[in-house]
Peer 1: 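Questions regarding the structure given below will be posed in turn.
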Protein chains: 2
Amino acid sequence: MNNTIERICKIYGYLAVQEQSGADFISSKELAEAIGTTEYTVRKDFSVLDIKGYTRKGYEVKSLKEKLGVKFRLNKERRACIVGLGRLGTALLDYEHFQNDGFEIIAGFDSSINKIERIQTKIDVFPVGALAEVVSSRGIELGIITVPAKAAQEIADVLIRAGVKGILNFSPVKLNVPKDIVRLDMDFTNALRFIAAKFVIQNK
Amino acid sequence: MNNTIERICKIYGYLAVQEQSGADFISSKELAEAIGTTEYTVRKDFSVLDIKGYTRKGYEVKSLKEKLGVKFRLNKERRACIVGLGRLGTALLDYEHFQNDGFEIIAGFDSSINKIERIQTKIDVFPVGALAEVVSSRGIELGIITVPAKAAQEIADVLIRAGVKGILNFSPVKLNVPKDIVRLDMDFTNALRFIAAKFVIQNK
DNA sequence: ATTTTTTAGTGATTTTTTTCACTTATTATA
DNA sequence: TATAATAAGTGAAAAAAATCACTAAAAAAT
Ligand SMILES: NC(=O)c1ccc[n+]([C@@H]2O[C@H](COP(=O)([O-])OP(=O)(O)OC[C@H]3O[C@@H](n4cnc5c(N)ncnc54)[C@H](O)[C@@H]3O)[C@@H](O)[C@H]2O)c1
Ligand SMILES: NC(=O)c1ccc[n+]([C@@H]2O[C@H](COP(=O)([O-])OP(=O)(O)OC[C@H]3O[C@@H](n4cnc5c(N)ncnc54)[C@H](O)[C@@H]3O)[C@@H](O)[C@H]2O)c1
């Protein structure tokens with residue numbers, strides 16, 4: 001199931017691009033190539049999701065995107081916030097792509113008043129003390145954590161208590177969250193390790 | 001196999017922390033908890049890798065880390081470079097953790113001479129024209145791509161021709177690489193999509 | 001000295017995921 | 001109009017991954 005979700009998310013992104021460039025139909029083969037899987041897997045995913053295509057044409061880009069959008073609620077705008085406005089946090093804060101793709105970063109938080117005052121961005125920034133209040137009052141569903149490792153769990157706890165449903169964690173700690181909260185870790189060091197390790201395995 | 005590699009990388013990171021804090025032995029259960037899997041899976045992974053523990057004690061932290069380090073060459077320093085010194089690239093450039101964990105960022109590249117001149121960092125920065133030369137002469141094995149989407153494939157091609165073995169790609173495009181090159185995409189938008197989609201699926 | 005508890009090790013089983021093999025529909029072509 | 005080609009749909013098979021169920025060893029407790 002996770003694999004399917006992951007593929008669907010990639011497909012959804014690819015469809016957005018294709019839609020923009022005016023493509024009408026797209027085959028399972030092209031989708032497979034675009035996201036790095038096989039046409040069988042793409043068709044099986046769609047089969048399970050009860051999504052139909054057209055023989056000899058493929059899937060209609062617009063309606064396919066629409067259907068995936070509805071099934072996985074990728075069509076709906078989601079509000080997010082970033083906690084920890086250091087080097088990584090500020091880079092993310094100004095990353096316009098998120099907004100285009102349906103994720104609206106509507107607030108940033110930091111513990112340093114200094115930083116908050118100096119920061120240059122169109123997005124509202126607050127002291128971290130306001131986190132719980134802002135998250136719940138503004139209906140923020142996603143929390144992005146870019147604070148130092150030692151503060152990450154505490155921030156996660158506040159976010160969850162305030163009502164976020166998912167956490168994207170950039171700090172290199174494994175956060176404890178209740179199992180109805182979706183957590184995803186972006187650990188760059190592990191990513192580099194994975195690349196290095198995979199290379200070693202592949203070549204022996 | 002990929003799943004095993006991923007788990008081993010996480011375990012390796014956790015072991016580094018445990019070693020630091022002076023732990024001697026660690027059980028499959030603790031490891032499982034730390035990386036988010038089951039004790040069975042951890043033991044099975046080790047069983048396959050022919051790694052032995054001690055009954056009623058667990059695995060010896062130091063020698064386990066050592067063994068994984070050797071098997072997956074995670075003990076060896078790897079040189080890496082960052083191409084694209086914008087908001088994300090500069091954040092990564094100064095991220096000290098990489099060095100601690102055996103990844104030595106030894107060069108940064110950008111197409112803007114202006115940027116290169118203004119940038120403040122201890123790491124050597126070069127115009128992108130020097131990429132191929134620096135990569136091959138300094139034995140850089142890993143390339144980190146943080147250029148805009150439209151330049152990403154071209155940079156990947158140069159990196160590969162110059163001899164990198166793996167690419168960590170932060171741009172939101174699927175790079176084409178020969179299959180002996182390990183590529184890993186860090187697509188933050190997809191990560192947010194995944195969280196949102198998983199949440200929807202979980203709660204219906 | 002004996003029993004209990006804990007934890008690894010692993011073959012067998014189960015579950016999940018992927019791939020295959022084949023059918024069907026539709027369009028293009030001869 | 002007949003034939004060829006293309007691409008979806010899907011049950012079956014295969015492969016991969018995870019879990020279970022058990023044994024064995026060692027330490028701790030009685
Ligand atoms: N910089 C990178 O390239 C990079 C790469 C991988 C992972 N990370 C991880 O991302 C996180 C942030 O990294 P960074 O380099 O941006 O660090 P940073 O030190 O530049 O920024 C951290 C920010 O968090 C703020 N902060 C600290 N405690 C806080 C709290 N309790 N509540 C709110 N804000 C708080 C600090 O004031 C600072 O602005 C770290 O966990 C780091 O390990 C960073
Ligand atoms: N900023 C973020 O938070 C964020 C988040 C997710 C993904 N990304 C992706 O990471 C990449 C970089 O994002 P960013 O926000 O840092 O962008 P940015 O515009 O701040 O930086 C891009 C840098 O690449 C340089 N560059 C452009 N073409 C180049 C080339 N051919 N060779 C070498 N350097 C070149 C530019 O001079 C600039 O310094 C983009 O692909 C973006 O989609 C960024």
Side-chain angles (χ1 to χ4, degrees), chain A residues 1-12 14-15 18 23-68 71-72 174 179 194 197-198 201-202, chain B residues 1-12 14-15 18 23-68 71-72 179 194 197-198 201-202 204:
Chain A
M1 184 89 249
N2 271 13
N3 292 352
T4 296
I5 297 179
E6 214 178 302
R7 285 191 294 265
I8 293 299
C9 292
K10 288 183 190 167
I11 286 176
Y12 193 83
Y14 189 71
L15 288 174
Q18 290 307 105
D24 284 339
F25 287 89
I26 195 162
S27 69
S28 54
K29 200 169 165 204
E30 181 178 349
L31 286 171
E33 241 155 56
I35 68 162
T37 184
T38 67
E39 52 178 313
Y40 315 119
T41 304
V42 169
R43 289 208 298 273
K44 180 62 87 181
D45 283 343
F46 290 169
S47 170
V48 167
L49 294 168
D50 198 39
I51 283 172
K52 308 283 177 189
Y54 299 90
T55 313
R56 257 216 94 169
K57 279 180 158 176
Y59 302 87
E60 210 209 332
V61 172
K62 227 176 132 214
S63 84
L64 175 57
K65 177 157 173 282
E66 169 79 17
K67 271 183 204 133
L68 295 178
K71 274 189 207 283
F72 295 90
K174 201 217 147 216
K179 64 177 173 325
F194 180 86
K198 183 146 180 207
I201 301 302
Q202 234 174 45
Chain B
M1 183 90 251
N2 270 13
N3 292 349
T4 296
I5 297 179
E6 214 177 303
R7 284 191 294 266
I8 294 299
C9 292
K10 288 184 191 167
I11 286 175
Y12 193 83
Y14 189 71
L15 288 174
Q18 289 308 104
D24 283 341
F25 287 89
I26 193 161
S27 69
S28 55
K29 201 171 164 202
E30 181 178 348
L31 285 171
E33 241 155 55
I35 68 162
T37 183
T38 67
E39 51 178 315
Y40 316 118
T41 303
V42 170
R43 288 207 298 275
K44 181 62 87 180
D45 282 343
F46 289 168
S47 170
V48 167
L49 294 168
D50 198 39
I51 284 173
K52 307 284 176 191
Y54 298 90
T55 311
R56 256 215 96 165
K57 281 180 158 176
Y59 301 86
E60 211 210 332
V61 172
K62 227 178 130 209
S63 84
L64 175 57
K65 176 157 174 284
E66 168 79 16
K67 270 182 206 135
L68 295 177
K71 275 188 206 283
F72 295 91
K179 64 177 174 322
F194 180 85
K198 186 149 177 203
I201 300 303
Q202 235 175 42
K204 80 170 173 200

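Note that the coordinates shown come from a computational prediction; the quantities given were computed from them, not determined experimentally. Chain identifiers are assigned alphabetically (A, B, ...) following the order of the sequence lines, protein sequences preceding nucleic acid strands; residue numbering begins at 1 within each chain.
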Peer 1: A:Ser47 side chain N/O closer than 4.0 Å to the phosphate oxygens (OP1, OP2) of D:dT10?
Peer 2: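 Answer is yes, contact under 4.0 Å.
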Peer 1: Looking at D:dT19, D:dA8, C:dG9, which one has an atom nearest to any side-chain atom of B:Lys44?
Peer 2: D:dT19
Peer 1: D:dT19, OP1 or OP2 - any side-chain N/O from B:Thr38 closer than 4.0 Å?
Peer 2: yes
Peer 1: Would you mind classifying the nucleic acid contact of B:Ile51 as base, sugar-phosphate or nothing, using non-hydrogen atoms under 4.0 angstrom?
Peer 2: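 Sugar-phosphate contact only.
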Peer 1: In this structure, which one of B:Phe46, B:Phe25, B:Tyr54 forms a ring pair (Phe, Tyr, Trp, His ring centres under 6.0 Å) with B:Tyr59?
Peer 2: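 Going through the options one by one, the only one that passes is B:Phe46.
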Peer 1: Give a yes or no on whether a donor-acceptor pair under 3.5 Å exists between the nucleobase atoms of C:dT7, that is its base, and the side chain of B:Arg43.
Peer 2: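 No, no donor-acceptor pair under 3.5 Å.
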Peer 1: Taking OP1 and OP2 of C:dT17, is either one under 4.0 Å from a side-chain nitrogen or oxygen of A:Thr4?
Peer 2: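 So the side chain of A:Thr4 is outside the cut-off, no N or O lying under 4.0 Å from OP1 or OP2 of C:dT17.
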Peer 1: Any N or O donor-acceptor pair under 3.5 Å from the base of D:dA7 to the side chain of A:Arg56?
Peer 2: no
Peer 1: Given C:dG9, is OP1 or OP2 found less than 4.0 Å from the side-chain N or O atoms of B:Thr55?
Peer 2: no
Peer 1: Looking at B:Lys52, does any N or O in its side chain come under 4.0 Å of the phosphate oxygens OP1/OP2 on C:dT10?
Peer 2: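 So the side-chain polar atoms of B:Lys52 do come within 4.0 Å of the phosphate oxygens OP1 or OP2 of C:dT10, strictly under.
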Peer 1: Do the side chains of B:Glu66 and B:Lys62 get close enough for a salt bridge, i.e. N-O under 4.0 angstrom?
Peer 2: no
Peer 1: Once you build an axis from the first five pairs and another from the last five of the helix from C:dA1-D:dT30 to C:dA30-D:dT1, how far apart in angle are they, to 10 degrees?
Peer 2: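 Roughly 0°, once rounded to the nearest ten degrees.
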Peer 1: Whether B:Asn3 contacts D:dA18 is assessed here as follows: a side-chain N or O lying under 4.0 Å from the phosphate OP1 or OP2. Is that the case?
Peer 2: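 So the side-chain polar atoms of B:Asn3 do come within 4.0 Å of the phosphate oxygens OP1 or OP2 of D:dA18, strictly under.
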Peer 1: Is the closest basic N to carboxylate O distance between B:Glu33 and B:Lys29 below 4.0 Å?
Peer 2: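 Salt bridge: no.
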Peer 1: When all nucleic acid strands are considered with a 4.0 Å heavy-atom cut-off, which category describes A:Tyr54: base, sugar-phosphate, or nothing?
Peer 2: sugar-phosphate
Peer 1: Verify the contact: side-chain N or O of B:Tyr40 to OP1 or OP2 of C:dT13, cut-off strictly under 4.0 Å; return yes or no.
Peer 2: no
